Amino acid sequence: MFEAENIREWRGHDVVDNEGRKIGTLESVYFDTATDRPAFATVTVGLPTRRRLVFVPVDKATVGPGYLKVTYDRGLVKDAPGIDPDGELAAEDEGAVFAHYHLPYEQGSRGERRLGRR
């Protein structure tokens, strides 16, 4: 696993799937508010006139020269819940992001958000 401060340096680099196929460009990193570890990245996908940001887990991701390689298939990532490039993930939509990848989801004990963008 990479250190949290290092993954932010990869903004603007390619994100590739488990077979090395380009998915899109790394836009931002969302941290797990309970562990303060990187949990998801947003990836810019789509045509120049219809771009959106999709979420992909960064657990077990590796870095190479100019790319971040995730352990998920490109098709699965491109079908993931997304937001507009200028948008923000709504608290009520967090569960759908986790569910898309069959990951467990729990809010904080007082209903706090699970993901925070940095």
Side-chain angles (χ1 to χ4, degrees):
M1 182 78 165
F2 40 78
E3 291 300 315
E5 51 274 354
N6 292 340
I7 191 171
R8 286 186 281 182
E9 295 173 12
W10 288 89
R11 264 187 89 197
H13 284 74
D14 290 343
V15 176
V16 299
D17 73 359
N18 52 354
E19 295 182 10
R21 298 175 296 178
K22 183 177 177 182
I23 299 169
T25 306
L26 180 66
E27 170 60 30
S28 61
V29 179
Y30 282 73
F31 286 73
D32 186 319
T33 58
T35 64
D36 204 33
R37 305 270 315 161
F40 285 86
T42 53
V43 180
T44 304
V45 297
L47 301 171
T49 58
R50 294 181 36 169
R51 292 196 186 275
R52 67 187 185 108
L53 299 174
V54 294
F55 290 83
V56 62
V58 294
D59 61 315
K60 301 179 187 167
T62 56
V63 292
Y67 66 85
L68 175 72
K69 186 175 188 178
V70 296
T71 60
Y72 297 90
D73 181 73
R74 182 171 95 175
L76 179 66
V77 176
K78 286 192 171 192
D79 288 340
I83 57 174
D84 289 331
D86 296 328
E88 182 70 33
L89 179 63
E92 59 270 10
D93 295 335
E94 284 185 349
V97 172
F98 283 80
H100 182 77
Y101 293 100
H102 305 286
L103 298 172
Y105 174 73
E106 287 182 32
Q107 288 182 322
S109 61
R110 297 184 196 139
E112 299 97 352
R113 294 189 68 147
R114 178 76 183 271
L115 298 175
R117 185 171 135 183
R118 290 194 193 153

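These numbers come from a predicted model, not from an experiment. Values below: every heavy atom of this structure, side chains too, minus hydrogens, waters and symmetry copies.
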inquiry  = Run Leu89 and Phe55 through side-chain contact (heavy atoms from CB on, under 4.5 Å) and show every step you take.
reply    = CA-CA 10 Å; Leu89 179 63; Phe55 290 83; 3.8 Å; yes
Would you be so kind as to tabulate the donor-acceptor pairs closer than 3.5 Å made by side chains of residues 12-31, with sequence neighbours excluded?
from: His13; atom 1: ND1; to: Trp10; atom 2: O; distance (Å): 3.1
from: Asp14; atom 1: OD1; to: Lys22; atom 2: NZ; distance (Å): 3.2
from: Asp17; atom 1: OD1; to: Glu19; atom 2: N; distance (Å): 2.9
from: Asp17; atom 1: OD1; to: Gly20; atom 2: N; distance (Å): 3.1
from: Asp17; atom 1: OD1; to: Arg21; atom 2: N; distance (Å): 2.9
from: Asp17; atom 1: OD2; to: Arg21; atom 2: NE; distance (Å): 2.9
from: Asp17; atom 1: OD2; to: Arg21; atom 2: NH2; distance (Å): 2.7
from: Asp17; atom 1: OD2; to: Arg74; atom 2: N; distance (Å): 3.1
from: Arg21; atom 1: NH2; to: Asp73; atom 2: OD1; distance (Å): 2.5
from: Glu27; atom 1: OE2; to: Arg11; atom 2: NH2; distance (Å): 3.0
from: Ser28; atom 1: OG; to: Thr42; atom 2: OG1; distance (Å): 2.7

Which atom pairs, donor and acceptor, lie under 3.5 Å between side-chain atoms of residues 91-98 and protein residues at least two apart or in another chain?
from: Glu94; atom 1: OE1; to: Tyr105; atom 2: OH; distance (Å): 2.8
from: Glu94; atom 1: OE1; to: Arg114; atom 2: N; distance (Å): 2.9
from: Glu94; atom 1: OE2; to: Arg113; atom 2: NE; distance (Å): 3.1
from: Glu94; atom 1: OE2; to: Arg113; atom 2: NH2; distance (Å): 3.4
from: Glu94; atom 1: OE2; to: Arg114; atom 2: N; distance (Å): 3.4
from: Glu94; atom 1: OE2; to: Leu115; atom 2: N; distance (Å): 3.1

* Are Val70 and Leu76 co-members of a hydrophobic cluster defined by side-chain heavy atoms under 4.5 Å apart? -> yes
Checklist entry - Do Pro57 and Leu103 touch side chain to side chain, with heavy atoms closer than 4.5 Å? => result yes
Side-chain heavy atoms of Arg52 within contact of Ile83, under 4.5 Å: no
Minimal heavy-atom distance between Val54 and Ala80, with the atoms involved, is CG1-O, 3.7 Å
Next on the checklist: If hydrophobic clusters are built from ILVMFWY residues whose side chains come within less than 4.5 Å, do Tyr101 and Leu68 share one?
Outcome noted: yes
Minimal heavy-atom distance between Val58 and Ala41, with the atoms involved, is CG1-CB, 3.6 Å
